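What follows is a short report on a single structure.
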Amino acid sequence: MLDLKFIREHPEIVRDAIVKKNLKLDLGALLELDAKIQAAKKQTEDVQAESNRIAKSIPSADTATRPELIARGKALKTELATLEPSLRDLEAELRGLMLQVPQIPWVGSPVGPDDSGNIETRRVGTPRAFDFAPLDHVALIEKNNWGDLERIARISGSRSYALRGDLALYEQALLRFATQVMLEDDFTFMTLPSYAREEVFVGHGQFPAARDQVFTFENETLKKELINDLKQVSFASESAQQELLNSSIASDRRRDLLEWKELFQNMIKRIESSMGDRFLSGTAEVLLNSLHAGEILELDALPKTYAAISPCFRAEAGAAGRDTRGLIRVHQFNKVEQYVLMAADADQSAAMFDRMLGNSEKILAALELPYRVLEVCTGDMGTGKFRQIDIESWVPSENAYRETHSCSALHDWQARRTGLRYRDADGKPRFGFTLNNTALATPRILVMLLENHQNADGTVRVPLALQPFMGKATLEPSR
RNA sequence: GGAGGGUUGGCCGAGCGGUUGAUGGCAGCAGUCUUGAAAACUGCAGUGGGGGAAACUCCACCGGGGGUUCAAAUCCCUCACCCUCCGCCA
């Protein structure tokens with residue numbers, strides 16, 4: 001979300017951002033609606049002011065004028081009964097549009113329509129030249145009995161993974177190692193649930209735009225009951241029912257219909273309660289971002305630097321058929337996430353961005369993986385992002401780099417949605433800036449670690465920095 | 001799952017239909033006093049939005065939403081959360 005005042009004063013900048021981010025949003029309609037609201041607000045407030053004045057004067061009024069004042073109050077109340085709801089509706093509509101307004105991207109971000117516009121800025125490390133025919137990670141897992149990819153698919157469905165023996169331990173060691181790196185940079189370690197309420201996802205920015213990427217809590221029992229009920233009720237809609245109720249039909253038939261109407265309304269209620277009011281988060285960032293929602297933090301409490309580990313859930317809608325093999329793209333994975341809430345200062349945010357990117361690179365260096373750094377273009381970065389850098393690590397079997405890290409600066413876009421404020425040096429409440437970045441996500445990183453560090457005999461070398469966490473130098477076959 | 005009790009400004013805590021945007025205390029800021037600090041005293045001080053050069057002024061907000069009333073922090077409904085007791089349980 002942007003400051004509405006800023007949008008009013010700089011519509012051309014916002015319009016430019018909408019174009020650069022390849023969004024469909026009618027800024028003209030938004031501004032028109034805003035103007036309409038301002039007028040409606042003035043009108044409503046004038047009536048409210050008079051109403052307040054009259055209500056205040058009644059206790060001290062004499063009995064003769066009192067009925068007159070009460071009558072006037074009643075009239076104003078009637079007037080407000082139409083003004084207030086319509087204002088509320090307009091404001092809700094505006095809020096819906098405001099949620100779609102993008103953050104103005106950094107001037108240094110390349111302009112492009114999609115990931116084809118991303119620019120590689122650096123390569124670190126050189127892909128290894130194998131003196132034997134290397135296996136891909138799935139073959140390595142099968143050869144060493146390090147997982148149950150096919151079995152778990154039968155149990156949990158596609159995009160699931162199960163690890164065994166050394167590889168299962170390796171996943172834990174990696175997460176612990178990444179946590180350690182974050183602790184060394186003075187981040188506060190946290191664990192959080194992987195689920196939250198709807199408004200948390202709105203604050204984060206994933207809702208309303210990317211709602212289909214998120215799994216939800218639902219009540220399966222209620223759903224089944226409802227389906228059974230639906231099979232018994234043949235009405236297409238409530239209006240169809242109403243039509244029947246209003247028609248002249250025999251009274252006993254009518255009573256049936258009334259009973260059905262009650263049943264129908266009851267079902268609507270239950271459908272609503274079965275839909276669930278909680279959602280599974282795709283990253284700890286979602287919850288961390290709401291940790292201080294609604295608070296006004298003191299300046300000296302900032303920055304809040306958090307490293308949190310959590311299971312992450314992604315529906316992967318729209319990715320059907322892509323990366324179905326192996327560990328690249330799964331519905332549930334684990335991640336150590338970096339998240340920062342800080343004062344609203346562009347330079348400090350840029351410095352923090354570099355620091356967080358540095359943490360990821362430190363981890364990749366320790367994992368001894370070749371990677372490249374991409375400056376993500378305007379059309380590929382999220383709506384709310386100010387700047388985004390992705391890191392892709394080398395996958396020998398694909399002869400390609402694949403995304404393992406994503407570092408973002410949002411400036412105040414998330415903070416405005418979420419209500420993340422602090423008192424600046426003048427004591428004024430201000431929205432903060434937020435940033436986030438992957439520290440390490442498993443199991444995807446295992447793809448790179450297995451393939452890049454495999455030995456000719458199919459075992460896999462553990463990088464030196466990981467060995468204290470793994471307790472051994474080589475991953476050995478599992479029984 | 002059952003039965004009660006709560007949710008008020010940065011924090012604590014009054015108020016339970018009518019100058020209450022909210023008594024009081026703590027913390028905060030400014031001043032008096034003091035060499036300085038502390039203490040004491042005095043004053044300022046919520047959040048968001050509108051108007052105004054300013055003084056100032058108007059609107060909304062006492063967990064969220066809805067309602068009753070000329071008038072709601074105060075009454076009613078509903079949702080969320082917290083606490084206590086019972087039941088169940090990793």
Side-chain angles (χ1 to χ4, degrees), chain A residues 1-9 33-92 94-96 98 191-193 195-203 216-217 219 221-222 265-266 268-279 287 290-302 304 311 344 412 415-432:
Chain A
M1 202 145 70
L2 294 183
D3 184 0
L4 186 54
K5 259 190 213 152
F6 177 87
I7 299 174
R8 279 178 203 147
E9 285 162 16
L33 183 60
D34 173 47
K36 207 164 146 192
I37 287 171
Q38 284 180 290
K41 210 171 192 174
K42 175 91 178 74
Q43 195 190 353
T44 307
E45 285 183 2
D46 285 347
V47 178
Q48 283 171 331
E50 194 188 345
S51 173
N52 287 344
R53 226 168 14 245
I54 286 170
K56 258 183 201 161
S57 71
I58 286 176
S60 57
D62 56 64
T63 44
T65 51
R66 203 173 263 228
E68 196 183 308
L69 288 169
I70 288 175
R72 179 66 188 146
K74 269 188 181 162
L76 291 170
K77 189 186 171 184
T78 312
E79 212 174 321
L80 281 174
T82 57
L83 287 175
E84 281 177 339
S86 78
L87 179 61
R88 230 179 285 149
D89 290 348
L90 291 173
E91 283 178 328
L94 180 66
R95 163 115 185 136
M98 286 292 288
T191 60
L192 297 159
Y195 54 86
R197 291 180 195 291
E198 180 166 15
E199 64 266 23
V200 171
F201 288 79
V202 173
T216 177
F217 278 26
N219 189 316
T221 311
L222 273 173
Q265 283 167 343
N266 186 275
I268 290 169
K269 250 191 223 157
R270 280 155 62 205
I271 286 169
E272 279 165 1
S273 66
S274 78
M275 293 210 298
D277 61 350
R278 294 183 227 191
F279 302 82
L287 280 87
S290 276
L291 212 53
H292 299 288
E295 297 179 35
I296 302 177
L297 297 164
E298 292 306 321
L299 187 57
D300 60 16
L302 298 177
K304 294 280 185 194
D412 61 358
R416 282 182 184 280
R417 294 176 156 242
T418 314
L420 300 170
R421 292 183 296 172
Y422 69 99
R423 266 178 219 290
D424 68 13
D426 299 326
K428 285 213 171 108
R430 287 192 67 176
F431 290 106

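Quick caveat, the model's predicted, so the values are computed rather than measured. Naming convention: chains lettered A, B, ... in sequence-line order (proteins, then strands); numbering from 1 in each chain. Just the heavy atoms: all of them, side chains too, but no hydrogens, waters or symmetry mates, feed the values below.
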- Message: Applying a 4.0 Å non-hydrogen cut-off, can you work out what A:Arg66 is touching in the nucleic acid: base, sugar-phosphate, or nothing?
- Response: nothing

- Does any non-hydrogen side-chain atom of A:Arg88 lie less than 4.5 Å from one of A:Glu84? yes

- Task: To the nearest Å, give me how far apart NZ (A:Lys428) and P (B:G10) are.
- Result: 18 Å

- Residue pair A:Ala425 / A:Leu299: nearest heavy atoms and the distance that separates them: N-CD2, 3.9 Å

- Query: So which heavy atom on A:Ala40 is nearest to which on A:Leu90, and how close?
  - Reply: CB-CD1, 4.4 Å

- Which value, in whole Å, describes the distance between the C1' atoms of nucleotides B:G46 and B:U8? 12 Å

- Message: Applying the Watson-Crick and G-U wobble criteria at under 3.5 Å, what pairs with B:U20? Answer none if nothing qualifies.
- Response: none

- Item | Counterpart base for B:A53, defined by Watson-Crick or G-U wobble contacts under 3.5 Å | none

- Query: Taking A:Leu83 as the fixed residue, which of A:Thr44, A:Asp46, A:Leu76 is the one that meets the side chain to side chain contact (heavy atoms under 4.5 Å, CB included) rule?
  - Reply: A:Thr44

- Item | C1'-based separation of B:A54 from B:G67 [nearest Å] | 42 Å

- Any chance you could lay out the side chain to side chain contact (heavy atoms under 4.5 Å, CB included) test for A:Glu79 and A:Glu50, step after step, and finish with the verdict? CA-CA 12 Å; A:Glu79 212 174 321; A:Glu50 194 188 345; over 6 Å; no

- Task: Establish, with yes or no, whether the OP1 or OP2 oxygen of B:U47 is under 4.0 angstrom from a side-chain nitrogen or oxygen of A:Arg423.
- Result: yes

- Task: Starting at atom CG of A:Leu87, determine the distance to atom P of B:G49, rounded to an integer number of angstrom.
- Result: 16 Å

- Message: Using whole Å, what does the distance between atom C1' of nucleotide B:G64 and atom CZ of A:Arg197 come to?
- Response: 11 Å

- Query: Rounding to a whole Å, what distance do you find between A:Met1:CE and B:G48:P?
  - Reply: 14 Å

Report each atom pair, protein N/O against N/O of nucleotides 57-63 of chain B, whose distance is under 3.5 angstrom.
residue, atom, partner, partner atom, Å
B:C59, OP1, A:Asn52, ND2, 2.9
B:C59, O3', A:Gln48, OE1, 3.3
B:C59, O2', A:Gln48, OE1, 2.7
B:A60, OP2, A:Asn52, ND2, 3.2

- Task: Please state how far atom CD1 in A:Ile296 lies from atom P in B:G46, giving the value in whole angstrom units.
- Result: 11 Å

- Expressed as a whole number of Å, how far does the C1' atom of B:A53 sit from that of B:U57? 15 Å

- Task: Answer with base, sugar-phosphate or nothing: what part of the nucleic acid does A:Arg72 contact at a heavy-atom distance below 4.0 Å?
- Result: nothing

- Minimal heavy-atom distance between A:Phe431 and A:Asp412, with the atoms involved, is CB-CB, 4.2 Å

- If the C1' atom of B:C89 is compared with that of B:G5, how far apart are they to the nearest Å? 25 Å

- Item | Whole-angstrom distance between B:U69 and B:G13, as gauged at atom C1' | 29 Å

- Item | Taking every non-hydrogen atom, the tightest pair across A:Pro429 and A:Arg423 | CG-NH1, 4.0 Å

- Message: Tell me the interatomic distance from A:Asp34, atom CG, to B:G49, atom P, rounded to whole angstroms.
- Response: 13 Å

- Message: Roughly how many Å apart are B:C61 and B:G4, using the C1' atom of each and rounding to a whole number?
- Response: 30 Å

Provide a list of protein-nucleic acid N or O atom pairs under 3.5 angstrom, restricted to nucleotides 66-73 of chain B.
residue, atom, partner, partner atom, Å
B:G66, OP1, A:Arg88, NH1, 3.0
B:U69, OP2, A:Lys77, NZ, 3.2
B:C70, OP1, A:Lys74, NZ, 3.2
B:C70, O4', A:Ile70, O, 3.4

- Message: For B:G28, give the paired nucleotide (Watson-Crick: N1-N3 plus N6-O4 or O6-N4; G-U: N1-O2 and O6-N3; both under 3.5 Å), or none.
- Response: B:C44

- Message: Using 0.5 Å steps for rounding, measure from the CG atom of A:Leu69 to the CZ atom of A:Arg53.
- Response: 12.0 Å

- Rounded to whole angstrom units, what separation is found between the CG atom of A:Asp424 and the P atom of B:C29? 16 Å

- Message: Both distances below 3.5 Å, Watson-Crick or wobble geometry, any strand: find the nucleotide opposite B:C62.
- Response: none

- Close side-chain approach of A:Ile7 to A:Asp34, heavy-atom, < 4.5 Å: no

- Contact class for A:Lys42 vs. all strands (heavy atom < 4.0 Å): base, sugar-phosphate, or nothing? nothing

- Query: Say you pick atom C1' in B:C76 and the same atom in B:A22; how far apart are they, in whole Å?
  - Reply: 23 Å

- Where do A:Ala415 and A:Gly432 come nearest, in terms of heavy atoms and distance? CB-O, 3.2 Å

- Measure the distance from CD on A:Glu295 to C1' on B:G9 and round it to the nearest whole Å. 15 Å

- Query: Should A:Asp424 and A:Lys428 count as an ion pair when the cut-off is N to O under 4.0 Å?
  - Reply: no

- What distance, rounded to whole Å, do you find between the two P atoms, one in B:C58 and one in B:U74? 23 Å

